[in-house]
Amino acid sequence: MRDELELHGVVLTSAPSRDFDKRLSVLTNEYGKVTVWAAGAKKPGSSFMAGTRNFVFGTFNVTKGRSGYNLRHVKVNNYFEEIASDLVNACYGSYILEFADYISQENLEAEETVNLIYLSLKAILNENLSNELVRRIYELRIMYINGEYTEEPPLPCSQACRFAWQFVLETPVMKLYTFTLKEEVLSEFADNVDRLLHGVIPHNFRSLEILKTLK
């Protein structure tokens with residue numbers, strides 16, 4: 001029997017495969033983004049059913065296969081079921097996963113990104129934080145993690161906006177979502193993050209398109 005690996009991470013995407021299987025994209029602390037095949041996950045009563053959905057954080061026991069990993073067991077730490085109960089929150093949450101799936105790579109440790117995703121989803125559920133602020137903090141920080149950022153905001157802006165930019169780049173992930181911005185400063189901050197993104201991310205995200213229709 002092939003050696004079993006224990007991976008820790010989050011399910012970014014879950015898609016049907018054949019009649020009863022699923023193909024997962026999982027971002028892991030240990031190996032970055034990996035493909036995981038969950039045989040029989042769609043069968044009623046399958047032990048994989050609950051643990052192979054988007055937003056699931058957990059421990060995935062897998063064996064190496066020809067085109068990825070084969071799931072043997074999953075222990076769920078958090079389902080983030082509350083995200084799905086609100087359509088707008090669900091769109092923001094889906095965007096966080098979609099962005100990570102697009103930008104993450106294989107065979108690169110991704111513990112900081114996994115933690116960032118977890119804290120960003122928790123922040124979406126925090127009624128005291130604007131979802132738009134959460135989105136912009138997440139975008140800038142994940143670009144920083146991937147080395148695609150500027151030390152200063154690319155557009156002229158207020159001192160408050162510049163301070164927020166530096167805070168997001170320099171603060172430990174655990175303390176990222178500990179500030180708010182006035183509406184006009186958030187608008188500046190968003191414009192600067194957009195300018196950064198447009199220069200390095202040539203991609204249209206489906207979840208953002210849905211969000212625009214809701215707004």
Side-chain angles (χ1 to χ4, degrees), residues 7-13 25-34 55 57 78 80 83 91-126 128-208 211:
L7 306 179
H8 305 84
V10 53
V11 178
L12 300 178
T13 66
S25 175
V26 182
L27 187 64
T28 68
N29 295 348
E30 297 83 2
Y31 297 115
K33 188 171 69 171
V34 299
F55 300 110
F57 283 77
N78 199 319
F80 276 101
I83 290 280
C91 284
Y92 276 100
S94 295
Y95 173 62
I96 284 172
L97 299 187
E98 190 180 359
F99 197 114
D101 190 47
Y102 178 82
I103 201 171
S104 298
Q105 301 179 49
E106 298 178 0
N107 300 316
L108 288 176
E109 293 182 6
E111 184 173 1
E112 184 175 359
T113 303
V114 172
N115 288 337
L116 175 63
I117 294 170
Y118 179 83
L119 292 168
S120 300
L121 295 177
K122 294 286 284 187
I124 285 174
L125 297 173
N126 184 343
N128 295 319
L129 291 175
S130 156
N131 280 346
E132 191 63 16
L133 176 60
V134 173
R135 168 192 167 184
R136 299 310 187 166
I137 292 173
Y138 171 78
E139 289 171 334
L140 180 55
R141 185 58 178 234
I142 198 171
M143 296 301 291
Y144 169 78
I145 293 171
N146 283 271
E148 301 282 359
Y149 70 101
T150 57
E151 292 284 353
E152 299 288 337
L155 299 173
C157 62
S158 66
Q159 187 62 35
C161 176
R162 296 169 68 88
F163 178 81
W165 191 274
Q166 292 299 320
F167 185 90
V168 173
L169 295 183
E170 298 172 1
T171 300
V173 172
M174 293 295 294
K175 296 182 178 180
L176 268 184
Y177 297 105
T178 56
F179 72 96
T180 59
L181 295 176
K182 293 181 179 179
E183 187 174 342
E184 61 271 20
V185 180
L186 176 55
S187 179
E188 282 187 298
F189 188 67
D191 288 344
N192 276 281
V193 175
D194 273 339
R195 173 59 67 90
L196 174 64
L197 289 174
H198 290 161
V200 294
I201 301 290
H203 185 72
N204 292 321
F205 293 97
R206 181 173 178 271
S207 46
L208 282 187
L211 191 59

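- You'll find the side chain of Leu133 stays beyond 4.5 Å of the side chain of Tyr177, heavy atoms only.
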Show your reasoning for whether salt bridge (charged side-chain N to carboxylate O under 4.0 Å, His left out) applies to Glu98 and Arg206.
CA-CA 8 Å; Glu98 190 180 359; Arg206 181 173 178 271; over 6 Å; no

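- Interatomic distance, CD1 of Ile137 versus CG of Leu181, reported as 7.0 Å (0.5 Å rounding).
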If you apply the rule side chain to side chain contact (heavy atoms under 4.5 Å, CB included), what do you find for Val173 with Glu112, and how did you get there?
CA-CA 8 Å; Val173 172; Glu112 184 175 359; 3.4 Å; yes

Show your reasoning for whether side chain to side chain contact (heavy atoms under 4.5 Å, CB included) applies to Phe57 and Val114.
CA-CA 9 Å; Phe57 283 77; Val114 172; 4.0 Å; yes

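- Considering only heavy atoms from C-beta on, Val26 stays 4.5 Å or farther from Leu12 through its side chain.
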Determine, step by step, whether Ser130 and Thr180 satisfy the side chain to side chain contact (heavy atoms under 4.5 Å, CB included) criterion, reporting the C-alpha distance in whole Å, the side-chain angles of both residues, the deciding distance to 0.1 Å, and the verdict.
CA-CA 8 Å; Ser130 156; Thr180 59; over 6 Å; no

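- For the atom pair Glu170 CD and Leu176 CG, the distance stands at 11.5 Å (nearest 0.5 Å).
- The backbone N or O of Thr113 sits nowhere less than 3.5 Å from a side-chain atom of Arg141 that would complete a donor-acceptor pair.
- Two residues are said to be in side-chain contact when any heavy atoms from C-beta on lie closer than 4.5 Å; Met143 and Ile103 meet this criterion.
- Closest approach of Val11 and Leu97 over heavy atoms only: O-CD1, 3.8 Å.
- Side-chain N or O atoms of Glu106 include none that pairs as donor or acceptor with a backbone N or O of Gly32 at under 3.5 Å.
- Contact check for Thr28 versus His8: no side-chain heavy atoms found under the 4.5 Å cut-off.
- When every heavy atom of Leu169 is checked against every heavy atom of Thr150, the shortest pair comes out as CD1-O, 3.7 Å.
- Under the ring pair (Phe, Tyr, Trp, His ring centres under 6.0 Å) criterion, Tyr95 pairs with Phe99, Phe205, not counting sequence neighbours.
- With values rounded to the nearest 0.5 angstrom, Leu196 atom CG is found 13.0 Å from Asp191 atom CG.
- Note that CZ of Phe163 is 12.0 Å distant from OG of Ser158, once rounded to the nearest 0.5 Å.
- Shortest non-hydrogen contact noted between Gly93 and Ile124 is N-CD1, 3.6 Å.
- Between the side chain of Asn126 and the main chain of Lys122, no donor-acceptor pair closer than 3.5 Å is present.
- In this structure, CD in Glu188 is found 5.0 Å from SG in Cys161, a value given to the nearest 0.5 Å.
- In this structure, CE on Met174 lies 5.5 Å from CG on Leu119, to the nearest 0.5 angstrom.
- Side chain of Ser120 to main chain of Leu116: a donor-acceptor pair is present (N/O by atom type, distance under 3.5 Å, no hydrogens or angles).
- For the 3.5 Å distance criterion, the side chains of Glu132 and Tyr92 qualify, holding a donor opposite an acceptor.
- Asp194 places a side-chain heavy atom less than 4.5 Å from the side chain of Arg136.
- Side-chain atoms of Glu139 never come within 3.5 Å of backbone atoms of Val193 as a donor-acceptor pair (strictly under, hydrogens ignored).
- Between the side chain of Asn146 and the backbone N or O of Glu148 there is no donor-acceptor pair closer than 3.5 Å.
- More than 12 heavy-atom neighbours from other residues, nucleotides or ligands sit within 6.0 angstrom of CZ on Phe167.
- Counted by atom type alone, Ser25 and Asp101 present one or more donor-acceptor pairs between their side chains at under 3.5 Å.
- Atom CZ of Phe179 is surrounded by more than 12 heavy atoms from other residues, nucleotides or ligands within 6.0 Å.
- Shortest non-hydrogen contact noted between Gln166 and Glu152 is NE2-OE2, 3.5 Å.
- Two residues are said to be in side-chain contact when any heavy atoms from C-beta on lie closer than 4.5 Å; Leu7 and Tyr31 meet this criterion.
- Closest of all the heavy-atom pairs between Leu121 and Phe55 is CD1-CD2, 3.8 Å.
- Contact check for Ile96 versus Tyr118: no side-chain heavy atoms found under the 4.5 Å cut-off.
- Shortest non-hydrogen contact noted between Lys33 and Leu27 is N-CD1, 3.7 Å.
- Residues Tyr144 and Val168 are not in side-chain contact: their nearest non-hydrogen atoms beyond the backbone lie 4.5 Å or more apart.
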